[in-house]
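Order of the sequence lines sets the chain letters (A, B, ...), proteins ahead of strands, with each chain counted from 1. Since we're looking at a predicted model, the values are computed, not measured.
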Amino acid sequence: MAEITLTFPDGNARQYPAGTTPAEVAGSISPSLAKRTVGARLDGQDWDMAWPIHEDAAITLEDAKSDLGLELIRHDFAHVMAKAVQALWPETKVTIGPVTETGWFYDFDRAEPFTTEDLAAIEAKMKQIINANEPIRTEVWSREDAIAHYEAQGEPFKVELIARIPEGAPIRMYWHGDWQDLCRGPHLSHTGQLPADAFKLMGVSGAYWFGDVTRPQLQRITGVAFRNREDLKAHLTFLEEAAKRDHRRLGREMDLFHMQEEAPGQVFWHPNGWRIYTVLQDYIRRRQDRGGYVEVNTPQVVNRKLWEASGHWDNYQDHMFIVEVDEEHAREKTVNALKPMNCPCHVQVFNHGLKSYRDLPLRMAEFGSCARYEPSGALHGIMRVRGFTQDDGHIFCTEAQIESETKTFIDFLSGIYADLGFEGWRIKLSTRPEKRIGSEESWDRTEAALGNACKAAGYDYEISEGEGAFYGPKLEFVLTDAIGRDWQCGTLQVDPNLPERLDASFIGQDGAKHRPVMLHRAVVGSFERFIGILIENWAGKLPFWLAPRQVVVATITSEADAYAHEVVEALRAAGIRAEADTRNEKINYKVREHSVGKVPAILALGAREVEERTVSLRRLGEQGSRTLPLDEVTAELAAEATPPDLR
RNA sequence: GCUGCUGUAGCUCAGAGGUAGAGCACUCCCUUGGUAAGGGAGAGGUCGAGAGUUCGAUUCUCUCCAGCAGCACCA
């Protein structure tokens, strides 16, 4: 019989008969290893314990603690759930059930909707299947047999899946006891390897078959699964923590904003929330001024002619707020749209008056209020809204200037993110998509310019293959928040198309007209969304300079009222946002209320403080308090109240 | 937009085919209390909107609106 050589991670190599399985390999080394091992990797490829090995390879044996082990656990939970569902409702058709970041989902086709109560029944059934310790085995079938089998079973989605399997790839049928599913594998060896106390079904929702809107919707049941009960509990705690940070909840608790039916997707900013907004905007404005930008402001309601010229009318009409005006003496109604973006208007400003090559690069910025008719299902608090303001900017430059302007922008953006408390962020470079305009040479040049700019600024980048706009590549700046979630905020996009469409030009050194390139760029993106991110990142406990109410001066007895007002005046004179709380309430009550409201500093004043002209300072999140002279506290807080760019 | 769920006082929620309740918040009174809720009284709701069934609907049915989760979308 032919022999194969398997090389282990420690460099040792052993001979085995061809067709040996990883299970046999593990067994040949030690029984305990065989017991522990749940899967293998062969030359980096995931390998089932029961798949025969026919060629020389580097092999690693993986236990449940490994990445592969966890993936197998989640993957088999998907199958076990599908089996449970079909056991409970045999008419249900199965589709696909992939592993996700925290567990899995499985999409089903069934006329009746699954209810929340059904989930409990499914969980119970799953536990039965796990306890039954059913063996999991693979068979490789021919395409014809597999299709015939699923047609006979009345599983049309599986038939469609088989058609999608590339020619030459094995078609594997998995058996969990007497239940069977099409799956590329690999899998565990028996359902008993699943941790029955480390999973939870999370919910039911709709999902399109392969994301295709034109196809009927399936029902998706999602679950989370971990190696053990502790990991599951940690995950559920994480979800609770995330819920506590929810900006919609904190927005209410901190009295920042509200939204209501009459204006879906638009924000009613309350004084506290608007303070965050203006402080942030003032900060960005100072940064832009220093960064060599000119600030402009352009109209909200613009005739459709401009949107037709820019190309937006054709592509995004359905997502624009259209305003028809019945003008006197006019034959037809004038059709306008609320601006969904600022760039066409910025080109109008650029086009007004002749521009020289000496004017370039021209960095034009606007806190541009835009309106987009977002689909109702997309709305989410202040994170995804229909009315928002961007820290929008367009850099008009020559192609030769793209690289240096991009580098300058990355430096600009990194300074802002650092000031706002985001140290962890990364860059994605989106390259040419399949459907595109422009020559290959120009794509080569612009993609290289963006990549070089990143390196020059000292940053690595990931490539998002084919994710660029049809007219040019882009950079996306993704920041990671305090609990590890990613948010794409900043962007820089190369656009030679819009200047072309809107006929922007400048006079070159040679005296002839030339076409500039536009770089669309934003750092925070939408203020609404970014403030939502700030709130969630800091769990409401914003850095002092961003906090809407920085100090509350709370009296312990009414004897301190006059002094409290004096203290508030002193703080305000030092540029601190302070207010007095002289209500007839106990200090405990006031401390609790303002702590819940996330006020970073509380100054408590009683008879002693009045007497000594001191204040008792309690910082948010700390237990005790410090009694200090008023001017000392004023100096300490004034330093923190200063925005980072002015320190 | 699609699937499912939800919509009762400012907030969190209970309730039932016979026209509503709690806690917190709010107002007033008592209390002047040392760092996360002192006590008492009071006020507050066309039960998301419209239509239908019914002697009678906030409760049942339908349509619409909004919110939530996911999908799709995000120039």
Check: B/rU3 base within 3.5 Å donor-acceptor of A/S205 side chain: no

Between P of B/rA66 and CE of A/M259, the distance in whole Å: 12 Å

Gap between atoms OH and C1', on A/Y589 and B/rG39 respectively (whole Å): 13 Å

Euclidean distance for C1', B/rG15 against B/rC29 (whole angstrom): 33 Å

Protein-nucleotide distance (A/R592, atom CZ; B/rA36, atom C1'), rounded to Å: 6 Å

Spacing between A/R249 atom CZ and B/rC68 atom P, to the nearest angstrom: 15 Å

Whole-Å gap separating P (B/rG34) and CG (A/N588): 8 Å

Distance, P atom - from B/rA16 to B/rU61, rounded to whole angstrom: 15 Å

More than 12 heavy atoms of other groups within 6.0 Å of A/E559 CD: no

Inter-nucleotide C1' distance (B/rC65, B/rG48), Å rounded: 7 Å

Euclidean distance, A/D631 CG relative to A/R613 CZ, rounded to 0.5 Å: 9.5 Å

Base B/rG34 paired with A/E609 side chain (donor-acceptor, <3.5 Å): yes

Sugar-phosphate only, base, or nothing, as touched by A/A607 at under 4.0 Å among non-hydrogen atoms: base

Cation-pi, A/F114 ring and A/R110 (6.0 angstrom, 45 degrees): yes

B/rU46 and B/rG10, which share atom name P, separated by this distance in whole Å: 9 Å

Sugar-phosphate, base or nothing in reach of A/H380, heavy atoms under 4.0 Å: sugar-phosphate

Sugar-phosphate, base or nothing in reach of A/E253, heavy atoms under 4.0 Å: nothing

Short side-chain N/O contact to B/rU12 OP1/OP2 from A/R252, under 4.0 Å: yes

Any A/P375 side-chain heavy atom under 4.5 Å of A/H319 side chain: yes

Counterpart base for B/rA75, defined by Watson-Crick or G-U wobble contacts under 3.5 Å: none

Polar-atom pairs under 3.5 Å, protein N or O versus N or O of nucleotides 73-75 of chain B: list them with distances, or write none.
from, atom 1, to, atom 2, distance (Å)
B/rC73, O2, A/R384, NH2, 2.8
B/rC73, N3, A/R384, NH1, 3.1
B/rC74, O4', A/R384, NH2, 3.4
B/rC74, O2, A/R384, NH1, 3.3
B/rA75, O4', A/Y316, OH, 2.7
B/rA75, N7, A/R372, NH1, 3.2

Between B/rG70 (P) and A/F210 (CZ): distance, integer Å: 22 Å

Mutual orientation of the aromatic rings belonging to A/F396 and A/H394 [parallel < 30°, tilted 30-60°, perpendicular > 60°]: tilted

Gap in Å between the two C1' atoms, one belonging to B/rG18 and one to B/rA22, rounded: 23 Å

Pair A/F226 + A/F199: ring centers closer than 6.0 Å: no

Base partner of B/rG17, which must satisfy Watson-Crick or wobble distances under 3.5 Å: none

Most 5' of A/L379 and A/A207 on RNA chain B, judged by nearest nucleotide: A/L379

Watson-Crick or G-U counterpart of B/rG50, or none if no pair lies under 3.5 Å: B/rC62

Centroid-centroid distance, A/F321 to A/Y373, less than 6.0 Å: yes

B/rA57: pairing nucleotide in any strand, Watson-Crick or G-U under 3.5 angstrom: none

Closest nucleotide among B/rA66, B/rG70, B/rG34 to the A/R220 side chain: B/rG70

For B/rG10, the Watson-Crick or wobble partner whose two distances fall under 3.5 Å: B/rC24

Between CD on residue A/E536 and NZ on residue A/K244, distance to nearest 0.5 Å: 14.0 Å

B/rA20 versus B/rC47 - spacing of their C1' atoms, nearest Å: 8 Å

Within the 6.0 Å centroid threshold, strictly below: A/H270 and A/F257: no

Whole-angstrom distance between B/rC11 and B/rG44, as gauged at atom C1': 14 Å

Sugar-phosphate, base or nothing in reach of A/R248, heavy atoms under 4.0 Å: sugar-phosphate

Cation-pi, A/F470 ring and A/R436 (6.0 angstrom, 45 degrees): no

Base-pairing assignment for B/rG70 (Watson-Crick or G-U wobble, both under 3.5 Å): B/rC2

Sugar-phosphate only, base, or nothing, as touched by A/Q488 at under 4.0 Å among non-hydrogen atoms: nothing

d(CZ, A/R583; P, B/rC29) in whole Å: 16 Å

Integer angstrom distance from the P of B/rA75 to that of B/rA66: 23 Å

5'-most by nearest nucleotide on RNA chain B - A/S595 or A/S376: A/S376

A/F105 CZ to B/rC71 C1', straight-line distance once rounded to whole Å: 10 Å

Sugar-phosphate, base or nothing in reach of A/R618, heavy atoms under 4.0 Å: base

